[in-house]
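To start, the structure under review is shown below, and the notes come after it.
Numbered from 1 within each chain, the chains take letters A, B, ... in sequence-line order.
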Protein chains: 2
Amino acid sequence: MTQVPARRTEPTMRDIAALAGVSIKTVSRVINDQGGAGADVVHRVREAVQALGYRPNLTASSLRRADRLSATLGVLVDDLSNPFDSVLLRAVEERAQRDRVLVLAGSAEDNLDLQRERLGSLAARRVDGMVVMAASGPQDDLQQERSHGTPMVLVDRPPTFGHTDSVITTNRESSREAVRQLASYGHRHIACLGGRQSIWTSQERRTGYLEGLAEAGLQRHDEWMCMDLKGVDAAARAVAAMLDGTHPPTALFTAQNLITVGAMRVLQARGWKHRIALIGFDDFPLADMVDPAITVVRQDVPLIGRTAADLVLARIQGDPSPAVRAVIPADLVRRGSGELRPPPA
Amino acid sequence: MTQVPARRTEPTMRDIAALAGVSIKTVSRVINDQGGAGADVVHRVREAVQALGYRPNLTASSLRRADRLSATLGVLVDDLSNPFDSVLLRAVEERAQRDRVLVLAGSAEDNLDLQRERLGSLAARRVDGMVVMAASGPQDDLQQERSHGTPMVLVDRPPTFGHTDSVITTNRESSREAVRQLASYGHRHIACLGGRQSIWTSQERRTGYLEGLAEAGLQRHDEWMCMDLKGVDAAARAVAAMLDGTHPPTALFTAQNLITVGAMRVLQARGWKHRIALIGFDDFPLADMVDPAITVVRQDVPLIGRTAADLVLARIQGDPSPAVRAVIPADLVRRGSGELRPPPA
DNA sequence: ATGAAAGCGCTAACAG
DNA sequence: CTGTTAGCGCTTTCAT
């Protein structure tokens, strides 16, 4: 292996102008296709660009340009390696690229300090707008950023302050529907396993669960409710404990991805996977390949991302209409595990 | 809902200077903690910053600063929503954030035109360096970008040109190991199902398969080799056809994620999942939850990402050492499907 | 159709 | 310790 070449200084419009024998302004006009330049001049400039390997400097241009736009969007999620987050990012990126806008991506890990730091980094780069999955807790930093005028769309969790667009899914309604379906299959002992209650979606799904119970005329039972579970193993332990309790449920509503997997693991280990019904919130790969295939509430994550991107891009273009709170419907994908009936009493 | 506030003009150092009654240079010093400023002056400046809600403009500063660094890294992958790509991105982001460097992310969809376009966008923003999963085909655009002096690290696929760092995994060696293990369990009819041969990794894995056969003293057989499969369904059809052929294999080596899933589906449908051995390249969620659990070759994607980030960040710092070709070992995760023996003849 | 001068927000180099 | 001047690469404005 040989030495890695050192960074060279890039040619500027000045260099092009000198080589083409025109003024720097003419170069600018040619490069931005603004017309009003003689054919031969255009040709000479293009040749010089080729010869020197010139590439426009967007940061310098946006500094002076009237719109001051950086053609860059900030996207802040919990964790870029999460399937939900990465699918969302991809959808935003795809939409943004249509307008030749690039995406600065960051993970805030549901941590307010990290979120503040990342917000500052994005602001320092003068992104044209932001798509943010808000960390749990007070949204002061987001609101402050917003008050600077930065177009911002919140995804997955709504803003607690005004004048700001958001895109969320039907957490509560779909959870309610899942529980109602379990009830309609004859279940009367339906448990809910959920994630951190500090996260808005967890709360909503829990509320939906309770509403579903009520609508089916079923009693709630504290023994059948377990929140703040973190990770597959914690979920598995909670499910095991519940099944060993004095009032074991016959159906489970797992309000989050990893919790669903934890529940599957326990049911599989005990050989009860065809006996205990299971509906999970959020789809996951291979949910249809296991036995029984897992019934889930599926969010339309790409649509959430596209909607968020459309909103923020429109705001950047100056759309002054009232703030929107878009709700993307989730649907119940029936695959088997949620259509198991309880054993006869 | 009320009107969304319009973008306001941000205060500049000039405004701070005016309010604090100092020169703009003093403001610069205070904001960049360069010292050499009286305590009361510092205080006045800080107050003005607070009062006006001033935030530094990194693009403007990097335009003039000696190092010209934008504190931004470009990351170009196939598809940001792929698990491999998003885990990689996350690892790079994490490393970059330690140096307060942000990440501009893009998907090139293994398409040379899109890749060129994205490369140009990154270059226009003067990223300090790039981490690139090269699209299949000629790497002229990458090489040209490289020749401009941009620090660049290729991941997952090596460069076909010189003086450029790369980070890859043991595609060939691990494939060979997988095949050798199948042979050691008594299999003599081992098939290989692979993805697009235009992709370097597919070729390497196929070569590893052939080497593994040879080392085990087994004959290769064209009927047992099927490449250029795209997607779960195509893979499933190919596996089905193979099993229906005149020389059905007793073991399968599937060289890519989705192909593994396609194979699983067929084996499951035919009730042969405990009869035909299966080893897949690349781990996937729930591989340990299905029956039988799937034996896979697992890449250490986070380590690949961290290594790539470390390399490019070091180059940005000026590291002049010879180009590195880092190889991150993949390991065989034995879960059951790859440890099935062939039926007695 | 082309160019000169000014300036975007900031930092470098040098004075005082 | 603090300020002045120049200039990063580009676009704006206005002149020719």
Which comes earlier along DNA chain D counting from the 5' end, the contact point of A:Asp67 or that of B:Gly38, where each point is its nearest nucleotide?
->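 Its nucleotide being nearer the 5' end, the pick is B:Gly38.
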Just checking A:Arg29: base, sugar-phosphate only, or nothing, at a heavy-atom cut-off of under 4.0 Å?
-> base
Does the pair [X]/[Y] count as a salt bridge with the N-to-O cut at 4.0 Å?
X: B:Asp141; Y: B:Arg118; value: no
X: B:Arg90; Y: B:Glu93; value: yes
X: B:Glu117; Y: A:Arg100; value: yes

Under 4.0 Å between a side-chain N or O of B:Ser23 and OP1 or OP2 of D:dG3?
->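 Indeed, a polar side-chain atom of B:Ser23 lies that close.
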For B:Asn57 and C:dC8, is the shortest distance between a side-chain N/O and OP1 or OP2 below 4.0 Å?
-> no
From A:Val27, A:Asp15, A:Ile16, residue fulfilling side-chain contact (heavy atoms from CB on, under 4.5 Å) relative to A:Val49 =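 Only one option passes, and that is A:Ile16.
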Please answer whether the main-chain N or O of A:Leu63 pairs with a side-chain N or O of A:Arg68 as donor and acceptor at a distance below 3.5 Å.
-> yes
From [options], pick the nucleotide closest to the side chain of [X]?
X: A:Arg64; options: C:dG3, D:dC10, D:dC8; value: D:dC10
X: A:Lys25; options: C:dA4, D:dC8, C:dC10; value: C:dA4
X: A:Ala66; options: C:dC10, D:dT12, D:dC8; value: D:dT12
X: A:Thr26; options: C:dA12, C:dC10, C:dT2; value: C:dT2

Earlier contact from the 5' end, DNA chain C, for A:Gly21 and A:Arg65 = A:Gly21
Roughly how bent is the helix from C:dA1-D:dT16 to C:dG16-D:dC1 end to end, in steps of 10 degrees, with each end axis from five pairs?
->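 Axis angle across the helix from C:dA1-D:dT16 to C:dG16-D:dC1, nearest 10°: 40°.
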Side-chain heavy-atom pair B:Leu102, B:Gln97 within 4.5 angstrom cut-off |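 Sidechains of B:Gln97 and B:Leu102: in contact.
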Specify the separation, in whole Å, of atom CG of B:Leu63 and atom C1' of D:dA6.
->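 Whole-Å distance recorded here is 14 Å.
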Any side-chain donor paired with an acceptor under 3.5 Å for A:Thr59 and B:Arg126?
-> no
Donor/acceptor link under 3.5 angstrom from B:Arg126 side chain onto base of D:dG9 =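 No, no donor-acceptor pair under 3.5 Å.
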